[in-house]
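Presented below is the structure to which this report refers.
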Amino acid sequence: NAGVTQTPKFRVLKTGQSMTLLCAQDMNHEYMYWYRQDPGMGLRLIHYSVGEGTTAKGEVPDGYNVSRLKKQNFLLGLESAAPSQTSVYFCASSYLGWTDTQYFGPGTRLTVL
Amino acid sequence: AQTVTQSQPEMSVQEAETVTLSCTYDTSESDYYLFWYKQPPSRQMILVIRQEAYKQQNATENRFSVNFQKAAKSFSLKISDSQLGDAAMYFCAYKRSQGTASKLTFGTGTRLQVTL
């Protein structure tokens, strides 16, 4: 049982490049989330999913897209990376949405030059 | 909108001593959940403790306990018998119990140093 895993752990992009971050969980959780963490700020929700095939916008969705084609995977895409997207990205999952604890992955450090 | 405030950017405690981290929040809801997460240098967010607002009893997990004051909207974390491994960033978080998704609102964090 690996919990929540994220790929890659580190990435450097040039402005305008695209990339996809992969989140996988093996706990059969329905809900999955993508957050970003910036210095001096708490985590902020980018997008989330309440089940396979569904996605919804969070607090800071602009510049990102997501897909949840399989229950265990939640992908975060950057179509045209910008320096403002330099951040640490965390994926999380929970069994239920309203009352359950969120389990976090180890994070991905992304730098956009 | 809900806000979570952690007014102590950094705290320091000696090994084996007790330290309390502060958190206040603002909400008009009556039913919600509060959490403390620990983020060590490895960056992974680890759940430390959770409190349901409808419960009057303060949550406890081994050396970690909370002081939940609902009327004052305060949720502090007490770490007893501090250990070197407790050194980390600690985030307080709030979650509504109703709604279309389980959105966590985080504070800005408190960095805890543990000294010998």
Side-chain angles (χ1 to χ4, degrees), chain A residues 2-6 8-10 21 23 25 27 29-51 54-61 66 68 74 87-110, chain B residues 1-10 21 23-26 29-55 59 61 64 75 88-111:
Chain A
V4 180
T5 57
Q6 292 182 230
K9 289 186 168 51
F10 302 92
L21 305 182
C23 176
Q25 53 92 5
M27 297 175 283
H29 285 174
E30 290 293 335
Y31 289 72
M32 296 187 75
Y33 316 81
W34 275 108
Y35 293 91
R36 60 177 289 172
Q37 183 180 29
D38 300 296
M41 304 182 75
L43 278 73
R44 292 181 293 168
L45 184 66
I46 305 171
H47 285 282
Y48 62 94
S49 168
V50 301
T54 73
T55 63
K57 293 180 181 180
E59 188 183 348
V60 288
V66 288
R68 183 98 182 267
F74 195 30
S87 187
V88 180
Y89 291 85
F90 287 94
C91 176
S93 70
S94 64
Y95 185 63
L96 298 173
W98 284 262
T99 60
D100 210 26
T101 301
Q102 294 186 17
Y103 294 86
F104 285 79
T108 295
R109 182 177 293 278
L110 175 66
Chain B
Q2 293 80 20
T3 58
V4 177
T5 302
Q6 293 179 249
S7 58
Q8 306 155 316
E10 291 190 12
L21 308 184
C23 173
T24 59
Y25 57 95
D26 186 24
E29 305 287 331
S30 60
D31 198 12
Y32 48 86
Y33 295 81
L34 295 164
F35 304 83
W36 278 99
Y37 281 91
K38 170 185 177 181
Q39 186 180 42
S42 66
R43 294 205 311 262
Q44 187 145 8
M45 296 284 282
I46 303 165
L47 178 68
V48 174
I49 201 164
R50 154 190 158 141
Q51 173 82 43
E52 290 90 342
Y54 64 85
K55 290 186 178 178
E61 287 287 340
F64 299 87
F75 182 60
M89 282 288 287
Y90 285 82
F91 290 94
C92 179
Y94 164 98
K95 180 169 71 175
R96 290 174 62 190
S97 64
Q98 303 285 337
T100 57
S102 166
K103 297 180 185 180
L104 281 171
T105 300
F106 287 85
T108 53
T110 296
R111 183 173 301 282

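Computed from heavy atoms alone, side chains included, the values below leave out hydrogens, waters and symmetry copies. Just so it is clear: chains get the letters A, B, ... in the order the sequence lines come, proteins before strands, and each one is counted from 1.
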Would you check if the side chain of A/Q25 reaches a backbone N or O of A/M27 as a donor-acceptor pair within less than 3.5 Å?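 At least one qualifying donor-acceptor pair exists.
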Would you say A/Q6's side chain and A/C91's backbone share a donor-acceptor pair under 3.5 angstrom?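 Yes, the answer is positive, given that a donor and an acceptor are paired below the 3.5 Å cut-off.
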Toward chain A, the part of B/Y37 with a non-hydrogen atom under 4.5 Å: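 Contact with chain A: side chain only.
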So which part of B/Q6 gets closer than 4.5 Å to some heavy atom of chain A, the side chain, the backbone, both or neither?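 Looking at B/Q6, nothing touches chain A.
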Which one, A/S49, A/G42, A/A56, leads in non-hydrogen pairs under 4.5 Å with chain B?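 The candidate making the most pairs under 4.5 Å is A/G42.
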So do B/T105 and B/Y25 actually touch side chain to side chain, heavy atoms under 4.5 Å?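 Side chain of B/Y25 against side chain of B/T105, heavy atoms only: no contact under 4.5 Å found.
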Let me know if [X] has heavy atoms under 4.5 Å from chain B in its side chain, its backbone, both or neither.
X      : result
A/T108 : backbone
A/R109 : both
A/E59  : neither

For residues A/Q102 and A/Y35, is any side-chain donor paired with an opposing acceptor at under 3.5 Å?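 A/Q102 vs A/Y35: donor-acceptor pair found between side chains.
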With sequence neighbours excluded, residues passing side chain to side chain donor-acceptor pair (under 3.5 Å) with B/Q51: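 B/Q51 satisfies side chain to side chain donor-acceptor pair (under 3.5 Å) with no residue once adjacent residues are dropped.
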